[in-house]
Amino acid sequence: MAQSMPSIDAWLVEAKADPSFRACGMYLIHNGTVRETPKAEVRGIETDGVQPGGKVGSMVFSYDRAKVDAAIDEARRLPGIGYVRVWLNEGELSVGDDIMLVLIGGDIRPRVIDALQQLVGTIKNECVSEIERPA
């Protein structure tokens, strides 16, 4: 069963109350959601899920907590990064449901953008399982 996503506003308030805020000149948020278009179509890759031209009706989403924690620790060690927070959903998710929320704070835009891209990429490619089910 899908969980409710935490409040982005509350997360930002907490991030700005963290001691790291003095060095953070930027915060970026990634909110991943279940889309109707299959991964095989938008990414142009072979999957065991819904094929190009089909529609996704739901997704079974799970993750490896230890791998996610390691990815978060790695992101926190990147130059200029002062704040990292991640929430992941679990279970059978419908189109439009939230999959993940990632917040990264750091000193300058290029470092924060790169850190967000790296962390989300690591989570998506190494830490989660996404099984698309047809509509």
Side-chain angles (χ1 to χ4, degrees):
M1 180 170 192
Q3 305 172 46
S4 295
M5 185 180 78
S7 164
I8 294 170
D9 291 336
W11 272 26
L12 285 170
V13 167
E14 291 170 19
K16 292 176 184 179
D18 187 86
S20 68
F21 89 94
R22 295 185 186 281
C24 291
M26 178 180 194
Y27 294 91
L28 279 179
I29 295 168
H30 167 81
N31 176 210
T33 61
V34 179
R35 69 177 171 270
E36 184 178 61
T37 310
K39 182 186 279 189
E41 186 171 325
V42 297
R43 297 222 186 262
I45 59 173
E46 286 188 38
T47 70
D48 293 334
V50 179
Q51 296 306 303
K55 301 281 186 210
V56 173
S58 67
M59 172 191 293
V60 178
F61 185 84
S62 62
Y63 61 95
D64 181 317
R65 181 83 249 172
K67 287 181 179 181
V68 172
D69 288 344
I72 292 168
D73 289 343
E74 183 179 330
R76 286 187 174 127
R77 290 191 299 270
L78 293 171
I81 300 306
Y83 193 84
V84 179
R85 188 157 181 193
V86 174
W87 168 85
L88 297 171
N89 211 338
E90 261 188 312
E92 185 154 359
L93 310 177
S94 298
V95 172
D97 282 350
D98 298 296
I99 298 172
M100 74 171 64
L101 184 63
V102 176
L103 171 63
I104 302 234
D107 56 1
I108 59 173
R109 180 175 22 93
R111 288 179 170 176
V112 178
I113 290 170
D114 289 349
L116 181 68
Q117 178 138 343
Q118 179 178 325
L119 178 55
V120 171
T122 299
I123 291 170
K124 294 283 287 178
N125 295 324
E126 300 174 20
C127 305
V128 305
S129 170
E130 300 173 324
I131 301 169
E132 296 174 332
R133 294 192 170 157

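Counting begins at 1 with the first residue of the sequence.
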Task: NZ/NE/NH1/NH2 to OD/OE distance under 4.0 Å, Arg65 and Asp69 - done: yes
Open item on the list: Return the CD1 to SG distance between Ile104 and Cys24, rounded to the nearest 0.5 Å.
Closed with: 10.0 Å
Task: Joint hydrophobic cluster, Ile81 plus Phe21, side-chain heavy atoms closer than 4.5 Å - done: no
- [ ] Using a cut-off of 6.0 Å, state whether more than 12 heavy atoms not belonging to Asp48 lie near its atom CG.
- [x] no
- [ ] Nearest 0.5 Å please: distance from the OG1 atom of Thr122 over to the CD atom of Gln117.
- [x] 10.5 Å
TODO: Please report the closest heavy-atom contact between Thr47 and Ala40, naming both atoms and the distance.
DONE: OG1-CB, 3.8 Å
Open item on the list: Could you check whether any side-chain N or O of Gln51 sits under 3.5 Å from a backbone N or O of Gly49, counting only pairs where one atom can act as donor and the other as acceptor?
Closed with: yes
Task: Which atom of Arg111 lies closest to which atom of Pro79, heavy atoms considered - done: CD-O, 3.3 Å
Task: Hphob cluster co-occupancy, Ile108 + Tyr83, side-chain heavy atoms under 4.5 angstrom - done: no
Task: Side chains of Val60 and Arg133 in contact at under 4.5 Å (non-hydrogen atoms) - done: yes
Task: Path from Val50 to Leu93 over hydrophobic side-chain contacts below 4.5 Å - done: yes
TODO: State, yes or no, whether a side-chain contact exists between Ile99 and Asn89 at a heavy-atom distance under 4.5 Å.
DONE: no
- [ ] State, yes or no, whether a side-chain contact exists between Tyr63 and Met100 at a heavy-atom distance under 4.5 Å.
- [x] no
TODO: Walk me through it: do Asn31 and Asp98 pass the test side-chain contact (heavy atoms from CB on, under 4.5 Å)?
DONE: CA-CA 7 Å; Asn31 176 210; Asp98 298 296; 3.0 Å; yes
- [ ] Mind checking the CD-OG1 spacing from Glu132 to Thr37? Nearest 0.5 Å is all I need.
- [x] 9.5 Å
- [ ] Determine whether Gln118 and Glu74 make a side-chain contact, defined as any pair of heavy atoms from C-beta on separated by less than 4.5 Å.
- [x] yes
TODO: State yes or no: do Ile113 and Leu12 share one hydrophobic cluster built from I, L, V, M, F, W and Y residues joined by side-chain heavy-atom distances below 4.5 Å, directly or via other members?
DONE: no
Task: Residues Lys39 and Glu130 bridged, charged N to O under 4.0 Å - done: yes
Open item on the list: Would you compute the distance between atom CG of Leu103 and atom CG of Leu119 and round it to the nearest 0.5 angstrom?
Closed with: 10.5 Å
Open item on the list: Keeping Arg76 on the side-chain end and Val84 on the backbone end, is there a donor-acceptor pair under 3.5 Å?
Closed with: yes
Task: Between OG on residue Ser4 and CH2 on residue Trp87, distance to nearest 0.5 Å - done: 7.5 Å
Task: Evaluation steps, side-chain contact (heavy atoms from CB on, under 4.5 Å), between Val95 and Lys55 - done: CA-CA 10 Å; Val95 172; Lys55 301 281 186 210; over 6 Å; no
Task: Between CE on residue Met59 and CG on residue Asp97, distance to nearest 0.5 Å - done: 10.0 Å
- [ ] Assess the side chains of Ser20 and Asp18: does a donor N or O sit below 3.5 Å from an acceptor N or O?
- [x] yes
Task: Nearest heavy-atom neighbours spanning Pro6 and Leu101 - done: O-CD2, 3.9 Å
Task: Hydrophobic cluster membership, Ile29 vs Met5, 4.5 Å side-chain cutoff - done: yes
Task: Side-chain heavy-atom pair Val13, Asp9 within 4.5 angstrom cut-off - done: no
Task: Any Tyr27 side-chain heavy atom under 4.5 Å of Trp11 side chain - done: no
Open item on the list: With a 4.5 Å cut-off on side-chain heavy atoms, are Ile123 and Leu88 touching?
Closed with: yes
